[in-house]
Amino acid sequence: MKLKQTLIFLIAFVVAPVWFAHAQKSRSALPRVHIFTTGGTIAGQERSDGSGGYDAGKLAIDAILDSVPEIREFARVKGKAVAQIGSQDMNDKVWLVIAREVQAALARRDITGVVITHGTDTLEETAFFLDHVIASNKPVVMVGSMRPATSRSADGPINLHNAIRLAASPEARGRGCLVVMNDIIHSARDVVKMHTTRVDTFQSPNTGAVGHFFKNKPVFWNQPGRRALRFNIRQRNKLPRVEIVYAHANMTELMIDAAVSGKAAGIVVAGVGNGNLSAPAMAALDRARASGVTIVRSSRVGAGRVDRNVEINDDAKGFIAAGMLNPQKARILLILALTRTKDLKEIQKFFFAR
Ligand code: GLU
């Protein structure tokens, strides 16, 4: 009996406190990751009307984190909701909020990296934007999911797990904004959503992915494209408006004229082939340029480079060639460029910088 009492005493007052203190200490040694949620399918909730459909961006942060309880073994994660939207509604205002929140989190010495959960529709655009405005070597990782949490083989939990591991890993430092989906790691510069429904929708058509997850660890194959180009938008509460006009057979002047009368500061043409467009549309583009709108020629093709002066004399017309950027990324770079300058040579340098 005495022995039993002594044992209980020892466990209660010696072993348990020591074990507890040790557990606390080893937890506080774990990397700290901040997660910002914005909505999308990764925060999707099945509709209760039996339609099998779901609403994007409904779940709160805790419910999202609860889907991956094992993260507590390798990171201390804290979260904040910055928006609850489908990413088709992503806009400049939310971008500026995200940029500010991410920058402030990364400035904290105790934060190792950040994760941003996002709908997949415009995920690559937010990634590209952050890649150009965040000043830090710490990992910035964006993630989403193609299937809602309630579906069979939901991809959200594994994607989130990988994203937190990536944000916590020293190997991800200095690589700019990364996107991880379906076990593959992409650079913000090249990643594109290329399929409407598949879990392998994200691809990097020009340069290939930069790495993957193997045995729960990120392995990098490539260094992402350059990160030297950075725009300081901290004081801004508005960004210049740039429209994309999509080229096609029988294209008229209509959409370009509409962008000009809507007072766009810039127009990105998603041209055919090497950024080409029909004669009537070209005449409208010349008029747009003459009225002071900054013009970038990109391509609707999906991969490859749009170069200067190939079929169109950009020097004579005062146009900019998008280089390797697709129309949606060219739009963001033009927005950021216009916050700094209207000089065409300078803007062209931004587009050709790697
Ligand atoms: N359209 C929604 C969005 O982009 C849901 C799609 C998704 O997240 O995959 O937020």
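We use all heavy atoms of the structure for the numbers below, so side chains are in, but hydrogens, waters and symmetry mates are not. Residue indices begin at 1 and follow the sequence shown. Quantities reported herein were computed from a predicted structural model and do not represent experimental measurements. Counting starts at 1 for both ligands and their atoms, in listed order.
- For a threshold of 3.5 Å applied to N or O pairs, the pair formed by Ser87 and ligand 1 contains at least one separation below that value.
- Taking the six-membered ring where tryptophan is involved, the planes of Phe129 and Trp95 are essentially parallel, since the angle between them stays under 30° and well short of 60°.
- Nearest heavy atom pair, residue Val296 against residue Ala330, reads CG1-CB, 4.3 Å.
- Geometric assessment of Arg165 against the ring of Phe213 yields a negative cation-pi assignment under the 6.0 Å and 45° thresholds.
- Of the polar atoms of His118, none of the N or O atoms is found under 3.5 Å from an N or O of ligand 1, judged by distance alone.
- Close approach of ligand 1 to Thr41 is summarised as follows: ligand atoms under 4.0 Å from at least one heavy atom of the residue are 5 (C), 6 (C), 7 (C), 8 (O), 9 (O).
- Salt bridge annotation for Arg308-Asp314: absent, with no cationic side-chain nitrogen under 4.0 angstrom from a carboxylate oxygen.
- Contact atoms of ligand 1 toward Gln88: 1 (N), 2 (C), 3 (C), 4 (O), 10 (O) (distance under 4.0 Å to a heavy atom of the residue).
- Applying the 4.0 Å criterion to heavy atoms of Ser145 picks out, from ligand 1, the atoms 7 (C), 8 (O), 9 (O).
- At a 3.5 angstrom cut-off on N or O pairs, Thr122 does not count as close to ligand 1.
- For the residue pair Asn182 / Asp200, no side-chain donor-acceptor distance below 3.5 Å is found, with atom types taken as modelled.
- Set against the non-hydrogen atoms of Asp121, the atoms of ligand 1 under 4.0 Å away are 1 (N), 2 (C), 3 (C), 4 (O), 6 (C).
- For atom 9 (O) of ligand 1, the closest non-hydrogen atom on the protein side is Thr120 OG1, 2.4 Å.
- Under 3.5 Å, the side chains of Asn274 and Asp307 contain no donor-acceptor pair of N or O atoms.
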